2 protein chains.
Amino acid sequence: MKQRSHPHDEGQHLTEQLGATGLRLTPQRQQVYDVLLHKRDHPTAEEVFIRAKKAMPEISHATVYNCLDALVKSGLARQVNVERGATRFCPNMIEHGHFHCSACGTIYDVDLPREIPCVAVPRGFRADGFDVTIHGLCADCAKKK
Amino acid sequence: MKQRSHPHDEGQHLTEQLGATGLRLTPQRQQVYDVLLHKRDHPTAEEVFIRAKKAMPEISHATVYNCLDALVKSGLARQVNVERGATRFCPNMIEHGHFHCSACGTIYDVDLPREIPCVAVPRGFRADGFDVTIHGLCADCAKKK
DNA sequence: GTCAAGATTTAGAATAATTCTAAATTGATT
DNA sequence: AATCAATTTAGAATTATTCTAAATCTTGAC
């Protein structure tokens, strides 16, 4: 598990990944990405802002949100929650997963396979449930594309 | 798939489930639960508030949040996001899951099994990724209990 | 090189989501 | 009836996120 790779390669990689989504690599995006790589503790946008500000004092709030969006859109980072904004609720306690349509935002219940392979949690951890969320396009939105 | 069960049994069931967590069944909690059961479209707290208000005009915002918390805590409803509040980010694009410690809130990366059984998405849906989140207690918090 | 078009950043305002507070109410218990 | 704890209420406060308009930067066409 190497923490840092060749600095050159990284810029290259970022440029490519962002480019494939029609976005540019900017110093701010680089910085925000570096913050994420540097301490992998799933920081909030606010945390990222605070950390990025140390190396780049003029960076703004909005830019951090923008950069995080850019990184997520181009597959360089993941957002731990299903989506930003309001939390959603569901009374279905039977084991099932959620399908989140990235176009219209609707969330559908989906069946999970009978056989759920057990996930190894670290020693000493006690698991008592799990969630599965699938991302993609629902039938309607897939058709429109 | 029955939508409604015997009204009596339901009150009974709610009382038991809530009771097991040291909580009471109140008319407001009943109402909020009914809203969730009535239209299973993963509403936000605000949506639940609006719907509950129709049958119970004096219900307040804070109560809806309180009731949703109570239902989630006692296993009568699920919260679709990992947790309320700020969204978190992670630069690890290698397939992995997240472990969310419900005591301290920390999120840990966990390995997923090699063999991921394919999940059947409804006809016409196009999936392009998924997230797995496990809930429980991390080693430190499990020890403290 | 220069210029126009478009992307990006900035500060700060605006909005949305959630939590907090203090007083009133309810219910169960003595 | 008095007491205690849980719950609800309205509304304020806080936190998270998005928006806005102006400034800056890049890129590509000339």
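Every chain is numbered from 1, with letters handed out A, B, ... down the list of sequences. Keep in mind that this is a model prediction, so the values were computed, not measured.
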Problem set entry | Atom-to-atom span, CZ of A/Phe89 to P of C/dA17 - whole angstrom | 12 Å
Problem set entry | B/Phe125/A/Tyr108 aromatic ring centres below 6.0 Å | yes
Exercise. Which pair of heavy atoms, one from A/Phe130 and one from A/Leu112, lies closest together, and at what distance?
Worked result: CE1-CD1, 4.0 Å
For this session: Using whole Å, report how far CD of A/Gln30 lies from C1' of C/dT9.
Result: 17 Å
Exercise. Going 5' to 3' on DNA chain D, which nucleotide is the first and which the last to come under 4.0 Å of a heavy atom in chain B?
Worked result: D/dA6 to D/dT17
For this session: Can you see which heavy atom on A/Cys138 is nearest to which on A/Cys101, and at what distance?
Result: N-SG, 3.4 Å
For this session: May I have the distance from A/Gln28 (atom CD) to C/dA7 (atom P), rounded to whole angstrom?
Result: 17 Å
For this session: Starting from C1' on C/dT26, measure out to CZ on B/Arg29 and report it in whole angstrom.
Result: 12 Å
Exercise. Salt bridge or not for A/Asp41 and A/Arg51, using N-O below 4.0 Å?
Worked result: yes
Exercise. Reckon A/Thr63 touches a base, only the sugar-phosphate, or nothing at all at heavy-atom distances under 4.0 Å?
Worked result: base
For this session: Give a yes/no on whether any side-chain N or O of B/Thr44 is located under 4.0 angstrom from OP1 or OP2 of C/dA17.
Result: no
Exercise. How about B/Asn92: does its CG atom have over 12 heavy atoms from other parts shown lying under 6.0 Å from it?
Worked result: yes
For this session: Return the orientation label for the A/His61 and A/Phe49 ring planes: parallel under 30°, perpendicular over 60°, tilted otherwise.
Result: parallel
Exercise. Want to settle it: does B/Gly22 or A/Gly85 sit nearer the 5' end of DNA chain D, counting the closest nucleotide to each?
Worked result: B/Gly22
Exercise. Between B/Leu23 and A/Ala45, who's closer to the 5' end of DNA chain D by nearest nucleotide?
Worked result: B/Leu23
